Amino acid sequence: QVQLVESGGGLVQAGGFLRLSCAASGSIFYINTMGWYRQAPGKQRELVAVIRSGGSTNYADSVKGRFTISRDNGRNTVYLQMNSLKPEDTAVYYCNVQYLKDRFAMIAGSWGQGTQVTVSS
């Protein structure tokens with residue numbers, strides 16, 4: 001079982017910035033993909049950004065140029081630097097990790113508990 005602990009959410013004015021962190025712990029042999037998703041009230045959860053073990057990244061079009069995802073493999077931690085925040089970025093942000101618990105296991109996934117990001121206009 002893998003636990004994900006998120007931090008860094010909060011209330012910020014439009015144009016401001018926040019940095020989210022997500023630390024994974026537990027039975028981890030290898031982490032493949034780490035990502036951030038968000039869910040606004042009344043909307044489906046959507047991908048914000050993902051980073052693979054080799055360092056390649058993908059971003060939602062709505063955050064390109066404003067958000068940066070990074071990871072620290074030694075700490076099993078993924079970060080999301082969010083700059084130039086807009087009211088439409090307001091959502092609960094969830095961390096997701098795709099991992100192997102041992103070298104013979106299949107890829108499994110785990111979700112964080114979510115952290116609220118609120119951007120005021």
Side-chain angles (χ1 to χ4, degrees):
Q1 185 119 11
V2 169
Q3 295 79 42
L4 302 180
V5 178
E6 302 163 353
S7 60
L11 173 65
V12 65
Q13 288 188 331
F17 63 91
L18 286 172
R19 189 189 194 211
L20 305 183
S21 299
C22 173
S25 62
S27 301
I28 300 172
F29 171 72
Y30 168 77
I31 295 179
N32 184 16
T33 302
M34 307 182 85
W36 289 96
Y37 292 72
R38 67 186 181 187
Q39 187 167 18
K43 295 188 176 181
Q44 289 189 331
R45 190 172 299 188
E46 63 175 0
L47 174 70
V48 176
V50 63
I51 183 167
R52 299 171 187 82
S53 58
S56 63
T57 58
N58 284 100
Y59 294 91
D61 287 343
S62 59
V63 306
K64 283 181 181 177
R66 299 188 297 121
F67 291 10
T68 302
I69 189 170
S70 60
R71 61 191 282 174
D72 182 335
N73 292 326
R75 297 176 184 267
N76 288 339
T77 300
V78 61
Y79 305 96
L80 186 68
Q81 179 67 42
M82 305 185 293
N83 298 329
S84 302
L85 282 161
K86 303 176 181 180
E88 50 264 44
D89 295 318
T90 295
V92 178
Y93 284 69
Y94 297 90
C95 172
N96 176 269
V97 169
Q98 303 291 312
Y99 67 96
L100 296 173
K101 66 176 183 179
D102 59 62
R103 61 185 300 172
F104 304 107
M106 296 180 67
I107 286 283
S110 185
W111 289 95
Q113 80 283 0
T115 185
Q116 178 69 46
V117 171
T118 303
V119 184
S120 63
S121 57

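The shown structure was predicted, so the numbers you read here are calculated from the model rather than taken from an experiment.
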Asker: How far does CD1 of Ile51 sit from CE of Met34, to the nearest 0.5 angstrom?
Answerer: 9.0 Å

Asker: Give a yes or no on whether Phe17 atom CZ has more than 12 heavy-atom contacts from other residues, nucleotides or ligands under 6.0 Å away.
Answerer: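 Atom CZ in Phe17 is not packed in, count stays at 12 or less.
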
Asker: Classify the angle between the aromatic ring planes of Phe67 and Tyr93 as parallel (below 30°), tilted (30 to 60°) or perpendicular (above 60°).
Answerer: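 Judged by the thresholds at 30° and 60°, the geometry between Phe67 and Tyr93 is tilted.
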
Asker: Could you grab the distance from atom OH of Tyr59 to atom CD1 of Ile69, nearest 0.5 Å is fine?
Answerer: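 Here the rounded value is 6.5 Å.
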
Asker: Could you point out which residue of Gln44, Arg45, Glu46 forms a side-chain contact (heavy atoms from CB on, under 4.5 Å) with Gln39?
Answerer: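 Result: among Gln44, Arg45, Glu46, Arg45 is the only option passing the side-chain contact (heavy atoms from CB on, under 4.5 Å) with Gln39.
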
Asker: Do you see a donor-acceptor pair shorter than 3.5 Å between the side chains of Arg52 and Asn58?
Answerer: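 Indeed, the side chains of Arg52 and Asn58 share at least one donor-acceptor pair under 3.5 Å.
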
Asker: A side-chain contact here means heavy atoms from C-beta on lying under 4.5 Å apart; do Ile28 and Lys101 qualify?
Answerer: no

Asker: Between Gln113 and Tyr94, which heavy-atom pair has the shortest distance, and what is it?
Answerer: O-CE2, 3.7 Å

Asker: Using distance alone, with no hydrogens and no angle criterion, decide if Ser53 and Tyr30 have a side-chain donor and acceptor under 3.5 Å apart.
Answerer: yes

Asker: Which value, rounded to the nearest 0.5 Å, describes the distance between Ser110 atom OG and Gln3 atom CD?
Answerer: 7.5 Å

Asker: Are Lys86 and Asp89 ion-paired here, with the side-chain N under 4.0 Å from a carboxylate O?
Answerer: no

Asker: Please determine whether residues Ile31 and Leu20 belong to a single hydrophobic cluster, defined as Ile, Leu, Val, Met, Phe, Trp and Tyr linked transitively by side-chain heavy-atom distances below 4.5 Å.
Answerer: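 Same hydrophobic cluster.
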
Asker: If I take atom CZ from residue Arg71 and atom OG1 from residue Thr33, how far apart are they, to the nearest 0.5 angstrom?
Answerer: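 Atom-to-atom, Arg71:CZ and Thr33:OG1 are 7.5 Å apart.
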
Asker: Got a donor-acceptor contact below 3.5 angstrom from the Glu6 side chain to the Thr115 backbone?
Answerer: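 Yes.
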
Asker: Side-chain heavy atoms nearer than 4.5 Å, only ILVMFWY residues, links allowed to pass through others: does that put Leu80 and Val119 together?
Answerer: yes

Asker: Would you indicate whether the side-chain heavy atoms of Arg103 and Phe29 approach each other to under 4.5 Å?
Answerer: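 In short, these two side chains touch, coming nearer than 4.5 Å.
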
Asker: Working to the nearest 0.5 Å, report the span between OG1 of Thr90 and CD of Gln116.
Answerer: 7.0 Å

Asker: For a quick test of reading the model, state the closest non-hydrogen atom pair linking Leu18 to Leu85 and the distance between them.
Answerer: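 Taking every non-hydrogen atom into account, N-CD1, 3.8 Å.
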
Asker: Just how far is it from atom CD of Gln13 to atom OG1 of Thr118, taken to the nearest 0.5 Å?
Answerer: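 The OG1 atom of Thr118 is 13.0 Å from CD of Gln13, to the nearest 0.5 Å.
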
Asker: Between Arg38 and Ser62, does a side-chain hydrogen bond (donor to acceptor under 3.5 Å, both in side chains) hold up when you go through it step by step?
Answerer: CA-CA 12 Å; Arg38 67 186 181 187; Ser62 59; 3.3 Å; yes

Asker: Using every non-hydrogen atom in the two residues, find where Leu4 and Ala24 come nearest and quote the distance to one decimal.
Answerer: CD2-CB, 3.4 Å

